[in-house]
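Keep in mind that this is a model prediction, so the values were computed, not measured.
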Amino acid sequence: MSYDDIQSATVILYPYLWHREAERGEIEGRKDRPVAVGVRIPQPDGIDLLLLFPITSKQPATSQFAAEIPETEKRRAGLNTDIRLWIILEEFNGDRVGRSYYLKPTAVLGRFSKAFFLPLMKQVIARRSRLAAVDRRG
């Protein structure tokens with residue numbers, strides 16, 4: 001695997017830092033967890049920006065912007081099909097390909113289908129002003 005394999009809808013392992021943890025002054029994610037690459041944005045300096053959305057087995061509150069991952073998509077993404085999983089869409093980590101302290105090209109698990117993932121990203125774009133971001137670009 002290489003950094004080129006990390007594209008939109010790719011699921012990777014990443015030490016995600018929750019927004020609530022960052023607000024308390026924490027600077028490191030507590031564990032590697034699966035995250036979905038929402039989008040890979042080319043930058044003028046050639047170092048692409050990734051927006052990473054966490055995947056969790058903890059059922060979100062009904063007020064949270066999240067989506068349950070269907071079994072077929074869990075299989076495509078290399079996730080555990082025996083448990084319920086959600087992608088949390090109300091917050092993300094921003095990180096840079098090739099400059100990250102946390103991003104590893106060997107951490108690719110799989111990929112969501114466009115049919116599942118693109119409608120979610122359209123909703124993210126529509127709500128972008130209400131998303132919580134943790135900038136981990138260093």
Trainee: Report the distance from atom CD of Q43 to atom CZ of R99, rounding to the nearest 0.5 Å.
Mentor: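 So the gap between those two atoms works out to 11.5 Å.
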Trainee: Assess the side chains of Y16 and E91: does a donor N or O sit below 3.5 Å from an acceptor N or O?
Mentor: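 Present: a donor and an acceptor within the cut-off.
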Trainee: State, yes or no, whether a side-chain contact exists between Y101 and D95 at a heavy-atom distance under 4.5 Å.
Mentor: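 Not touching, per the 4.5 Å side-chain cut-off.
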Trainee: Parallel under 30°, tilted from 30 to 60°, perpendicular over 60°: which one fits the rings of Y102 and Y14?
Mentor: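 Perpendicular.
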Trainee: Go through it in stages, so that I can follow the logic: the residues are R76 and E73, the test is salt bridge (Lys or Arg N to Asp or Glu O under 4.0 Å), and I'd like the CA-CA distance, side-chain angles, deciding distance and then a yes or no.
Mentor: CA-CA 5 Å; R76 285 184 179 122; E73 294 298 329; 2.5 Å; yes
Trainee: Less than 4.5 Å apart, any side-chain heavy atom of F112 and any of L79?
Mentor: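 In contact.
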Trainee: What's the spacing between R20 CZ and R24 CZ if we round to 0.5 Å?
Mentor: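 R20 atom CZ to R24 atom CZ measures 6.5 Å (nearest 0.5 Å).
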Trainee: Linking I/L/V/M/F/W/Y whenever their side-chain heavy atoms sit closer than 4.5 Å, directly or via other members, would V11 and F53 fall into one cluster?
Mentor: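 Yes: a chain of side-chain contacts under 4.5 Å links V11 to F53.
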Trainee: Please report the interatomic distance CH2(W86) to NZ(K58), rounded to the nearest 0.5 Å.
Mentor: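 It comes to 11.0 Å.
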Trainee: May I ask you to test the R33-P54 pair for a side-chain heavy-atom distance under 4.5 Å?
Mentor: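 Touching, per the 4.5 Å side-chain cut-off.
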Trainee: Would you find more than 12 non-hydrogen atoms of other residues, nucleotides or ligands less than 6.0 Å from R75 atom CZ?
Mentor: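 Yes - once you tally the heavy atoms of other residues, nucleotides and ligands closer than 6.0 Å, there are more than 12.
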Trainee: Measuring from L118:CG to I125:CD1, what's the distance to the nearest 0.5 Å?
Mentor: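 Nearest 0.5 Å value for the CG-CD1 distance: 9.0 Å.
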Trainee: In this structure, are over 12 heavy atoms from other groups packed under 6.0 Å from I27 atom CD1?
Mentor: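 No - once you tally the heavy atoms of other residues, nucleotides and ligands closer than 6.0 Å, there are 12 at most.
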Trainee: Is there a chain of hydrophobic side chains (I, L, V, M, F, W, Y, each step under 4.5 Å between heavy atoms) that links L50 to V108?
Mentor: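 Both belong to a single hydrophobic cluster.
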Trainee: Can you tell me how far apart CG (L131) and CD1 (I88) are? Round to the nearest 0.5 Å.
Mentor: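 Between L131 CG and I88 CD1, I get 12.5 Å after rounding to 0.5 Å.
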Trainee: Between G38 and S8, which heavy-atom pair has the shortest distance, and what is it?
Mentor: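 Smallest interatomic distance, heavy atoms only, reads O-OG, 3.5 Å.
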Trainee: Would you kindly confirm whether V35 and F116 end up in one hydrophobic cluster when ILVMFWY residues are joined by side chain heavy atoms under 4.5 Å apart?
Mentor: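 Result: no, two separate clusters.
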Trainee: Is there a side-chain contact between L85 and K74 in this structure, where contact means two heavy atoms from C-beta onward sitting under 4.5 Å apart?
Mentor: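 Of all side-chain heavy-atom pairs linking K74 with L85, at least one is under 4.5 Å.
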Trainee: Looking at F65, is R130 sitting on its ring face, NZ or CZ under 6.0 Å from the six-membered ring centre and within 45 degrees of the normal?
Mentor: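 Negative - R130 is either too far from the ring of F65 or too far off its axis.
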Trainee: Is there a path from V124 to L120 through hydrophobic residues (I, L, V, M, F, W, Y) whose side chains come within less than 4.5 Å of each other?
Mentor: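 Yes: a chain of side-chain contacts under 4.5 Å links V124 to L120.
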Trainee: For the hydrophobic clusters of this structure (ILVMFWY residues joined by side-chain heavy atoms under 4.5 Å, transitively), does one cluster hold both L17 and I6?
Mentor: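 They do not share one cluster, since no chain of ILVMFWY contacts under 4.5 Å joins L17 to I6.
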Trainee: Would a 4.5 Å heavy-atom cut-off, applied to side chains only, mark K104 and L13 as touching?
Mentor: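 SC-SC contact between K104 and L13 ruled out.
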Trainee: Answer yes or no: is there a donor N or O on one side and an acceptor on the other, between the side chain of R136 and the main chain of N93, under 3.5 Å?
Mentor: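 Side chain of R136 to backbone of N93: no pair is present.
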Trainee: Find out whether M121 and L89 are in side-chain contact, i.e. whether some heavy atom of one side chain is under 4.5 Å from a heavy atom of the other.
Mentor: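 Answer yes - side chains close enough.
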Trainee: Quick one: pull up CD in E21 and CD in E28 and give me the separation to the nearest 0.5 Å.
Mentor: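 Spacing of CD (E21) from CD (E28) equals 11.0 Å.
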Trainee: Check step by step if side-chain contact (heavy atoms from CB on, under 4.5 Å) holds for I12 and L109.
Mentor: CA-CA 5 Å; I12 63 172; L109 299 175; 5.9 Å; no
Trainee: Which heavy atom of I55 sits nearest a heavy atom of A36, and at what distance?
Mentor: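 Smallest heavy-atom distance, with atoms named: CD1-N, 4.1 Å.
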Trainee: Is any side-chain heavy atom of R111 less than 4.5 Å from a side-chain heavy atom of Q7?
Mentor: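 Counting from C-beta outward, R111 and Q7 do come under 4.5 Å.
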Trainee: Under a 4.5 Å cut-off applied to non-hydrogen side-chain atoms, are L51 and R128 in contact?
Mentor: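 No - every pair of side-chain heavy atoms lies 4.5 Å or more apart.
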